[in-house]
Protein chains: 2
Amino acid sequence: MVRRNASLAQQITLELLADIKDGRIGRDGGALASENELSQRFQVSRATVRDALSKLELAGVVVRRQGVGTFVNPRASHQAAAIQGWADEANSFMEMIRSAGHQAEAVVLEVQVHPAGHIAALLEIPAASPVLAIEKVFLASATPAIHCINVVPLSLVEASFIEQAAALFEAAESPYQFLARCCHRHVHHQQSEIRATAADERLGRLLRCTAGAPLLQVEEIGYTADLQPVFYAMNHFSGDVVTFRQVRQPVLSIDRLSPNATAATSE
Amino acid sequence: MVRRNASLAQQITLELLADIKDGRIGRDGGALASENELSQRFQVSRATVRDALSKLELAGVVVRRQGVGTFVNPRASHQAAAIQGWADEANSFMEMIRSAGHQAEAVVLEVQVHPAGHIAALLEIPAASPVLAIEKVFLASATPAIHCINVVPLSLVEASFIEQAAALFEAAESPYQFLARCCHRHVHHQQSEIRATAADERLGRLLRCTAGAPLLQVEEIGYTADLQPVFYAMNHFSGDVVTFRQVRQPVLSIDRLSPNATAATSE
DNA sequence: AAGTGGTCTAGACCACCAT
DNA sequence: TGGTGGTCTAGACCACTTA
């Protein structure tokens with residue numbers, strides 16, 4: 001149950017999360033123990049407990065109310081039919097689909113090495129520089145749900161893996177895994193652009209929808225901690241099977257005016 | 001410059017953000033001062049500085065590298081043409097469009113009171129219960145960019161405002177503002193579902209695209225801190241003008257394996 | 001008034017990276 | 001080895017809600 005090399009806060013986060021998911025605490029929006037109680041139970045400082053709770057709050061799992069307590073968000077789709085989380089809890093589409101209760105299957109359409117071309121600028125490499133590209137379709141209970149193309153600069157692959165790069169890329173569950181194992185790179189964050197597009201003839205065939213059907217398009221660039229772009233992805237989601245859910249809270253919001261207060265700004 | 005009623009951390013966050021946006025620090029991915037330096041400069045503890053930096057990191061404005069320093073993310077679209085942030089920094093579409101460098105204009109198509117109908121379940125009110133609904137189109141530099149329908153249960157509106165509810169709803173810059181002023185409710189977080197849909201004839205006319213054109217659909221429910229649903233929104237975005245950008249970092253990710261490490265889990 | 005979460009401090013030690 | 005960010009502590013006080 002306890003993980004080595006994980007911070008105390010992280011361990012507590014996961015422990016509480018498991019308790020919530022299994023319904024041991026906070027059923028139907030019930031309250032968690034107070035921060036003081038938790039800090040005693042886990043034998044850590046209150047700051048550490050708060051750290052753990054903050055992560056759960058950020059993920060939308062719990063809601064904190066000053067002066068009242070911390071409550072489980074009953075609408076957090078722990079077991080929802082729709083796919084949520086999206087790179088929060090799940091790092092691969094396989095996990096996403098599985099956690100949505102579907103049987104997940106990945107079909108690799110093609111793995112090839114070709115010049116970066118128009119992706120070069122996004123990966124900050126020369127256009128003629130070779131990249132490793134894989135094209136997949138993910139099935140959720142046998143229904144095509146996601147089409148994706150993942151691209152990694154070949155120059156990142158370690159010399160010892162370069163011969164079998166295509167095979168390893170194909171075998172990996174996700175580009176993150178491949179990058180970690182074969183490129184010694186860890187994706188620190190991603191920048192995404194989300195659009196709606198119409199399926200072309202080919203995508204329509206692959207995702208079993210008519211050409212012109214609206215698809216959710218997510219274009220992503222993954223960066224390491226030192227801001228080097230290390231992978232590119234173009235994903236298309238068939239709307240019927242997959243729904244994106246997201247819990248949003250203000251992060252940098254400037255005005256948190258109290259009710260009726262009009263001016264709270266001074267020079 | 002300094003805001004009353006704002007926490008020290010929040011003040012520092014905003015100060016650093018302004019410095020970054022104006023290019024006074026961290027140009028082209030440069031480093032910020034170290035946490036110790038900042039804590040001395042602002043005369044606060046290092047924990048408070050870390051609090052402030054964490055918010056900037058969460059917003060994708062800076063990147064922190066252990067053992068190295070904190071750096072400005074040069075790709076954070078502070079002044080990008082595309083609309084980003086999305087309820088992080090901007091709480092209204094007007095602000096979103098303006099911060100994207102466009103001239104923002106809102107056209108109200110209709111304000112009316114009608115039974116909740118199919119929205120009732122989402123707002124957790126009876127289907128016959130009346131709701132206040134407003135339909136708007138937002139223009140970015142005279143081009144239709146966003147169509148939105150906002151719905152608030154009429155029962156939430158304070159008695160003293162109920163006569164002019166429709167007018168106030170129409171005048172408010174955002175449903176958040178209206179809820180705060182006229183309902184004494186503050187939206188604590190929102191749950192969104194993102195899909196791609198095809199424009200129907202009416203939406204096509206309003207957003208100046210052909211019927212069947214793909215549109216990004218964002219359906220949102222806003223909740224107060226005590227988990228009461230207080231507003232519903234159905235938004236459609238015309239893809240050409242508005243692009244969603246998002247910086248994503250793992251929140252609850254379980255495996256942060258070090259390179260080459262395979263098993264880091266013990267029982 | 002009592003209990004909750006929110007903020008802040010001063011200090012400690014660790015893991016990581018550069019040199 | 002020195003400096004950086006990452007984690008953690010023990011304690012304090014504040015703001016808010018509820019009774």
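Labels below follow one simple rule: chain letters A, B, ... track the order of the sequence lines, proteins then strands, and each chain is numbered from 1. Computation of the quantities below employed the complete heavy-atom set of this structure, encompassing side-chain atoms and omitting hydrogens, waters and symmetry-equivalent molecules.
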Checklist outcome for this item: When rounded to whole Å, the NE2 to P distance for the pair His186(A) and dC17(C) reads 11 Å
Next on the checklist: Within the 4.0 Å limit for protein heavy atoms, which parts of nucleotides 1-7 of chain D are touched? Write it as a string from 5' to 3', B for base, S for sugar-phosphate only, - for none.
Outcome noted: --BBBBB
Item to check | Protein-nucleotide distance (His188(B), atom NE2; dC16(D), atom C1'), rounded to Å | outcome: 14 Å
Item to check | Residue pairs involving residues 120-129 of chain B (criterion salt bridge (charged side-chain N to carboxylate O under 4.0 Å, His left out); sequence neighbours excluded) | outcome: Arg75(A)-Glu124(B)
Next on the checklist: Checking Ser39(A) against Arg50(A) for the side chain to side chain donor-acceptor pair (under 3.5 Å) test, could you report, in this order, the C-alpha distance in whole Å, the side-chain angles of both residues, the deciding distance, and whether it holds?
Outcome noted: CA-CA 9 Å; Ser39(A) 71; Arg50(A) 282 185 61 75; over 6 Å; no
Checklist entry - Checking ring-ring contact (aromatic ring centres under 6.0 Å, His included) for the pair Phe231(B)/Tyr223(B): CA distance, chi angles, key distance, verdict? => result CA-CA 7 Å; Phe231(B) 97 90; Tyr223(B) 296 92; 9.3 Å; no
Please list every donor-acceptor pair under 3.5 Å in which a side-chain atom of residues 155-169 of chain B meets a protein atom from a residue at least two apart or in another chain.
none

Next on the checklist: In whole Å, I'd like the distance from the CG atom of Leu38(A) to the P atom of dG3(C).
Outcome noted: 17 Å
Checklist entry - Under 4.0 Å between a Lys/Arg side-chain N and an Asp/Glu carboxylate O for Arg46(A) and Glu37(A)? => result no
